Amino acid sequence: METKHFIFLDIDYVTENGKPVVRLFGSQRGKSNGEPIIALDKSFKPYIYVLPENDMESCIGQILTLDVDDVKKVKKKDIGIEKEFLEVILHHPQDVPKLREKILALSEVKDIREHDIPFYRRYLMDKGLFPMAEVEVKGITKTQKSTPSVLSDNENLCILEINGEVKQMDGKIHHLKVMSFDIEVRNPKGMPKSDRDEIIMISMASNFGLQKVISTKESSFEYVETVEDEKAMINRFTEIVNTESPDIIVGYSSDNFDLPYINDRAKKLKIPFKISVDGSDIKFLRRGYTSAAVVRGRVHVDLYPIMRRHLTLDRYTLERVYEELFGEEKDDIEGDEIWEYWDAGGEKLERLFEYSLDDAIAAFKVAEKMLPINRELTRIIGQPLSDISRMASGQMVEWFLIRKAYEINEVIPNKPSQYEYSKRRGLTYVGGYVKDPVKGLHENIVAFDFKSLYPSIIISKNISPDTLIINETDEEYHTAPEVPHKFRKEPSGFIPSVIGDLLKERGIIKKLMNETNDPVEKRILNVQQEALKTLANSMYGVYGYARFRWYSHECADAVTAWGRDYIKNTMKEAEKYGFKAIYADTDGFYATYTGKIEK
DNA sequence: CTCCCTCGGGG
DNA sequence: GTGTACGAGGGAG
């Protein structure tokens, strides 16, 4: 048996002989530093929870008539109340959607839970694993021949079958190889079409010395590598990725443009395009609006969705984003003029080479700026970076809470059904207090605002679905203004305690940050506290977002009611000291000072 | 005002 | 793939 240490980069599962095999992808540490590893776990099985109607035994009997692996009794809390559930273990993750309706239809089954948790996410939670950190696995090294779940012919690839524990190691930040790439296309007839317009350049930049442009034309620039044709260009790019083996590959709009485009061209030219560690094709996932190009074993990060989330801009072109982040303009060539620069040759072609490399460098610099916070969010939320980088903030909050719920043995609420969702959408509730601005030019303006008003209210009033008082009680409670909702003072509710922990943790990190004199340490701590802040600030919407598992109309109502109450009272209070509010919105207001200004 | 539709990034 | 998840902003009515 061997012990391996690696930086845990990505996870998925495949099916072997009808059984699920979880694959952990990583970058090795120790004597094979930087080389890729795939650790296989064949021992993990999918399960869902069943809440029995009344009789436990007859419910088990009914479930066992279906093709399930096993049924176990377990105690879980449901919105704070301990209940006995049945853990129904199934043979394969895909049995879950096949069997859950049948299970729910059984007369002795009241409800089913946790039937929509993707298998790899279930694995991460149950094993207590957090991507982007180091893990230790024990197992037996396999050859590629004996491992149908891996098709790669990469000689450096280590394949290990886990037969011991998977252990999460410390939370140190490790150096990872990051590479950016960008393609240029010759498209004289409008937008590029992959069945018609050839790729003319592929450029790369990295944190390991690689910086080049591959093209079919020659240049006096040293960084340009000239190859025979487009086929050779794609092959060379593939070769570079597989030999350099970057841990993270980034592009700008590479989910929807660069990677699909190279893939399409390769197909048209009848050549393989395989940059995954396991030798598989790139998987293009379309999930409603979001799409993702998945490169197995490396983390492919598209910076575009990250920038959309991180900045509020009118446009999100790479040029615009670059200017915003670095305060300097980037040289730009219009997309529909690229072919002219290419065809013209000479000076113009040289400028195109420069522009192409510049784009890859700009993407790399954006990545250097944005990856730390995303790696940190990954380590806090505990889902893969490839998911985190494409997640909306509400989704991050949800997955964060799902892990927290698991940690305290709370069963996770179901996602709302279509019916439930439209019902929630139909409900209106009063938002924050807004006072229309008093027209005119004002002097001596003072701004008042509450620091994270909603999270503070949630904590101080203990607003949570599990503290909401439904029946009469003699316990102590907080009464919301305007709306008829009451919340128990004790014990601390699930969501208030999670937000409280987040803010406490942030406080500790900020303190450490101020105490240290080591600039590297300071920077790392700063990213950590920023990530916690990002998450805490996204928490405000937990109760009002109709798609949310922890949605609660009563809680949302109470939060905003207290919010309005606080701001109105503060405005009134300020008036006593000679301030006159001229504009207010939700968590702050502007006032003019009408009294005497004392020096 | 509400309802419906488009569009984003990429060359 | 334990699938089918956006949201702002404009134009029409």
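All chains are named by letter (A, B, ...) in the order of the sequence lines, taking the proteins before the strands, and each is independently numbered beginning at 1. Since the model is a prediction, treat every value here as computed from it, not as a measurement.
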Within residues 293-306 of chain A, residues whose heavy atoms come under 4.0 Å of DNA chain C
none
Here the residues of residues 91-101 of chain A within 4.0 Å heavy-atom distance, strictly under, of DNA chain C are A:Pro93, A:Gln94, A:Val96, A:Pro97, A:Arg100
OP1, OP2 of B:dG11 versus side-chain N and O of A:Tyr341: anything below 4.0 Å?
no
List for me each residue that meets salt bridge (Lys or Arg N to Asp or Glu O under 4.0 Å) alongside [X], sequence neighbours excluded, and say none if there are none.
X: A:Glu420; value: A:Lys423, A:Arg424
X: A:Asp69; value: A:Lys45
X: A:Arg100; value: none
X: A:Glu368; value: none

Just so I know, are the side chains of A:Met391 and A:Leu377 near enough to count as touching, which here means a heavy-atom distance under 4.5 Å?
no
Could you measure between the two C1' atoms, the one in C:dA8 and the one in B:dG8, and give it in whole Å?
10 Å
What nucleotide, of B:dG11, C:dT2, B:dG9, holds the atom closest to the side chain of A:Thr317?
B:dG9
For the side chain of A:Asp359, counting heavy atoms from C-beta on, which of B:dG11, C:dT2, B:dG10 is nearest?
B:dG11
With a 4.0 Å cut-off on heavy atoms, is [X] in touch with a base, just the backbone sugar-phosphate, or nothing at all?
X: A:Gly251; value: nothing
X: A:Tyr261; value: nothing
X: A:Ile338; value: sugar-phosphate

Would you please name every residue forming a side chain to side chain donor-acceptor pair (under 3.5 Å) with [X], sequence neighbours left out?
X: A:Arg196; result: none
X: A:Tyr120; result: A:Asp387
X: A:Glu323; result: none

Gap between atoms CG and P, on A:Asp182 and B:dG11 respectively (whole Å)
5 Å
How does DNA chain B look in dot-bracket notation if pairs are Watson-Crick or G-U with both distances under 3.5 Å, crossing ones as [ ], other-strand ones as |?
|||||||....
Each nucleotide N or O in nucleotides 4-8 of chain C that has a protein N or O under 3.5 Å away: list the pair and distance.
from: C:dA5; atom 1: O3'; to: A:Arg547; atom 2: NH2; distance (Å): 3.4
from: C:dA5; atom 1: N6; to: A:Arg287; atom 2: NE; distance (Å): 2.8
from: C:dC6; atom 1: OP1; to: A:Arg547; atom 2: NH2; distance (Å): 3.2

Is it the case that the side chain of A:Asp278 and the backbone of A:Val150 share a donor-acceptor pair, with hydrogens and angles ignored and the cut-off at 3.5 Å?
no
Scan for ring pair (Phe, Tyr, Trp, His ring centres under 6.0 Å) pairs involving residues 325-355 of chain A, sequence neighbours excluded, and state none if there are none.
A:Tyr322-A:Phe326
